[in-house]
Each structure stands twice: as C-alpha cells, then as structure tokens.
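Okay, structure first, notes after.
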Amino acid sequence: MRKNAPFSEDVHKQKGLSSDQCLDELRRIVEANPDRVISRNFFRVNSLISEATWNQFFGTFSEYKRQAGVVLTRQQHAIEKAVAKHASVAHYKDFDQERKSWGAKYERKNKRRYQAVLFCSDFHDRATDPFALQVLIDTVERLKPDVLCIGGDLFDLPEFGRYTVDPREWDVVGRIKFAHEKILAPLRDAAPDAQFDFIEANHEHRLLRHLCDATPALRAVLADLHGFTLSKLLGLDEFQINYIAKCDLATYNLTDQTKEIKKNYKVYFDSMIAHHYPAGASLGMPGINGHHHKVEIRSLYNETFGAYQWVQAPAMHRADASYTMGEKWSTGFVIAHVDTLNRQTIFEPVSVRDFACVGGRYLYRETKNDHDHR
C-alpha cells in the first residue's frame, strides 16, 4: 500500500469517496512529488481515485487544487497581484513629488481686467509645422499675451512610443534641443514678461515614466541623457515655465494613465480652463483643449457662465508627417480674451493653411513674408 494513502487500494480507482478524502489524496500526491507541478494528467495517472470522483465536487482541476490549498485561492491571488501592482510603481513617488513642485514656480500675476491667454498645443518636436511656428511667434510678439499656455505634447520622442523606430535613427537629445531652441527660446524672446505654463500630456507623461523606469529604450540613449534633470529636460528653469502635472505618475496600466493625465489642467482667473483632453468640458467652465489636432467648438450653458464655448484647438504639428492622418487635421492655435471682472471669455481660433491672418496681418506660406492687410 502507498505511504499515507487515505483509503484502501484494493480497487485501483476508488469511488464513493467524500470531498475531504479527495482533498487528502491530492495533498498526498503533492507532498510525494515536491519538485513537480501537479498537472491534471499527472494526477490522473498517479492518484488512487477516478477523475469522476473528484470532478463531482470541484468541477475543474484548478478549483480542486485551490480547495486543497496547494495553490493560491482567488482571494489570495488577488491580494498578491495588488501587492505586486503597488510595488511595481513605488519608485515613481519621489519623482512624482518633484514634478508637481513646478506648478506655480514662475507665476506672473497682474491686475489688468482684460487678460489674453494664448493656447498652443501638440507641436511634437521636430514634426512642428515651420510656417505655423512662424505665425505663432509673430502673434506672440505682437499680442504680448499675459499667459502663453502650451497644452501638452510639446515633445514627440517616438523612440519611447508604441511605433517601431529604427534605433539607428534615434536622436532623443536632438529632439529635446529642437523643442528648446526652435520653439521655447523664440517664444520666450517674443514675450519676455508673459507667464509660461506647460500642461503635462500623454507624450510627456510617457517620457517621464521611461526616465523613472530606466527602460531598455532609455538605456540605449542614457549616455546622451546623462545629467538631464526634470528642469533641464523640459526647459523649466531656462525659460521660466510652470509645469502643470497634478496627476499621479505611479499608474499601473495605460487605462489608469489616461485617467490620471486628465487631471492635468489649469484654471485661469476663475473664468476658463486649459486642458489637454476634451474631458475638461465636463468641468462646467469655458475652456480649451488640445490632443485631437482639429478645431471643434461646442456651445454650452450653465447658470454661472450663461452661454459659453468649449474650443478644441488645432495642432502645431505638421500635417504631412508620415505616421499621421494629417489631411483630417487642423493647424494653428487659439487666443482667449478674458474679462476677469465679469468672468466672460471670447475665443479666437487661428487657423494656419497656406496663409494665415491674425489681427489683420496676413502671412503666406509660399514666401514667408508678412503683409499688413489693406
């Protein structure tokens, strides 16, 4: 007779047993084979009971093993997964607090009743439309907005994206320098007294997670990024920029990350919102979002603001980028004029095609010359 057998072996496959006897037999097999994973077929060959005997009590072999305590129960497994989930994102915590500390470092307030907020979004670094950028810089120089708000995705950095990029073409630092030297520097020169705000969007969020994780993609370019702090990476100190990042960097999956990024927005003068996603329209206030690269204007109403608008901004992204559906997109930016006393906002979307017109001045893509409209 086999050692520790719970019942007689007179019949090769016992029947008419209780559920407890079935559990004892499975435990016996596990103890006798400590170095094996006990599969259903192994148990069928080596146990003293028929499959029909245990099946009537437990249904599946997985449940049979759970009931015998030889594998984790569903509840135990769920707890283990939860522990692993939180452990896997714990390393984001310190970096999370650092990036949130930049939200109001360079605020520049004034008491003027009428304030101008210029909202530009979705540059995607080197994919920026050069003519649209020219129009933007010209507008900033003439308008001198009180606030220039970058609505996210200033960077593209496809090296860290979902799309395959030939590693021989990687140039992370070159893309970062492009954003600094071709976009942020001329904008700051055009409006030295303006408040600059930068709303963290999905591309920035993804980049910062890669920095925390030291992923294979990041390790491949680590020598180039050596010494890059958060401020240096995003140009925060150099160009005196507030970085709006309210969301938790320590998120577990893409769905959670998208929900978190939607927490990143800025309220101006208690009168309007700048957001990367159109979800901001649910907050009950006039506002602007980016992300979708095309103009949409929604007319809304509530008792506080009366009839007001939510504007989806065009992108600063070049329409002919190889991986886009640019023919369906709009290029440009949005100017918001705010009456801070009466909390009223007028939005002025600016479209850029082969020409643009801002404040009566025409600019043309072909010649790149400015012409005053007469």
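Here the structure is a predicted model, which means the values were calculated and not measured. The first residue of the sequence shown is numbered 1, and numbering continues consecutively from there.
Taking the charged nitrogens against the carboxylate oxygens, D146 and K109 have no contact shorter than 4.0 Å, which rules out a salt bridge. A salt bridge links R28 with E25: the closest approach of a Lys/Arg side-chain nitrogen to an acidic carboxylate oxygen falls below 4.0 angstrom.
Counting only distance, with no hydrogens or angles, the side chain of Q56 and the backbone of T53 share a donor-acceptor pair below 3.5 Å. Between the side chain of N33 and the backbone N or O of I29 there is at least one donor-acceptor pair closer than 3.5 Å. Counting only distance, with no hydrogens or angles, the side chain of H203 and the backbone of D156 share a donor-acceptor pair below 3.5 Å. Between the side chain of E260 and the backbone N or O of D248, at least one donor-acceptor pair lies under 3.5 Å. In this structure, the side chain of T340 engages the main chain of R113 through a donor-acceptor pair within 3.5 Å.
Under the side chain to side chain contact (heavy atoms under 4.5 Å, CB included) criterion, S62 pairs with T60, R66, not counting sequence neighbours. Every residue two or more places apart in sequence or in another chain that forms a salt bridge (Lys or Arg N to Asp or Glu O under 4.0 Å) with D270 is listed here: R343. Residues satisfying the side chain to side chain donor-acceptor pair (under 3.5 Å) test with Y114, not counting sequence neighbours, are none. For E238, there are no side chain to side chain donor-acceptor pair (under 3.5 Å) partners at least two apart in sequence or on another chain. Not counting sequence neighbours, the partners of R142 by the salt bridge (Lys or Arg N to Asp or Glu O under 4.0 Å) test are D138. Listed by chain and number, the residues in a side chain to side chain contact (heavy atoms under 4.5 Å, CB included) with F57 are S19, C22 (sequence neighbours excluded). Taking K246 as the reference, nothing meets the salt bridge (Lys or Arg N to Asp or Glu O under 4.0 Å) condition, with sequence neighbours excluded. Partners of E141 by side chain to side chain contact (heavy atoms under 4.5 Å, CB included), not counting sequence neighbours, listed by chain and number: K144, A190. Among residues two or more places apart in sequence or in another chain, the side chain to side chain donor-acceptor pair (under 3.5 Å) test is passed with N242 by D197. Evaluation of the side chain to side chain contact (heavy atoms under 4.5 Å, CB included) rule for F355 yields Y362, Y364 as partners, not counting sequence neighbours.
With a 4.5 Å cut-off on side-chain heavy atoms, I38 and F61 count as touching. The shortest side-chain heavy-atom distance between E204 and Y243 falls under the 4.5 Å cut-off. Residues R99 and E200 are in side-chain contact: their nearest non-hydrogen atoms beyond the backbone lie under 4.5 Å apart. Residues F58 and L23 form a side-chain contact, since some pair of their non-hydrogen atoms from C-beta on lies under 4.5 Å apart. Counting heavy atoms from C-beta on, the side chains of L148 and C120 come closer than 4.5 Å. Between Q134 and D129 the shortest side-chain heavy-atom distance does not fall below 4.5 Å. Using a 4.5 Å heavy-atom threshold, the side chains of I176 and L234 count as separate. Considering only heavy atoms from C-beta on, F178 comes within 4.5 Å of T128 through its side chain.
The 12-atom threshold is not exceeded at CZ of R353, counting heavy atoms of other residues, nucleotides or ligands nearer than 6.0 Å. In this structure, I346 places its CD1 atom where only 12 or fewer heavy-atom neighbours from other residues, nucleotides or ligands lie under 6.0 Å away.
Apart from I244 itself, the hydrophobic cluster it occupies contains I199, where clustering links Ile, Leu, Val, Met, Phe, Trp and Tyr at side-chain heavy-atom distances under 4.5 Å.
Residue H337 holds its NE2 atom at 10.5 Å from CZ of F347, rounded to the nearest 0.5 Å. Going from atom CG of L230 over to atom CG of L208 covers 6.0 Å, rounded to the nearest 0.5 Å. Atom CZ of residue R44 and atom CH2 of residue W54 lie 8.0 Å apart, to the nearest 0.5 angstrom.
Ring-plane geometry between H293 and H317 is classed as tilted, the angle between the planes lying from 30 to 60 degrees on a 0 to 90 degree scale. Ring-plane geometry between H291 and H276 is classed as perpendicular, the angle between the planes exceeding 60 degrees on a 0 to 90 degree scale with a lower cut at 30.
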Check against ring-ring contact (aromatic ring centres under 6.0 Å, His included), F119 and F333
CA-CA 6 Å; F119 181 94; F333 48 90; over 10 Å; no

Pairs of donor and acceptor atoms involving the side chains of residues 304-315, under 3.5 Å and at least two apart or interchain, shall be tabulated with distances.
from: W310; atom 1: NE1; to: N289; atom 2: OD1; distance (Å): 2.7
from: Q312; atom 1: OE1; to: N289; atom 2: ND2; distance (Å): 3.4
from: Q312; atom 1: NE2; to: K294; atom 2: O; distance (Å): 2.9

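With ring centers used as reference points, Y106 lies 6.0 Å or more from F239.
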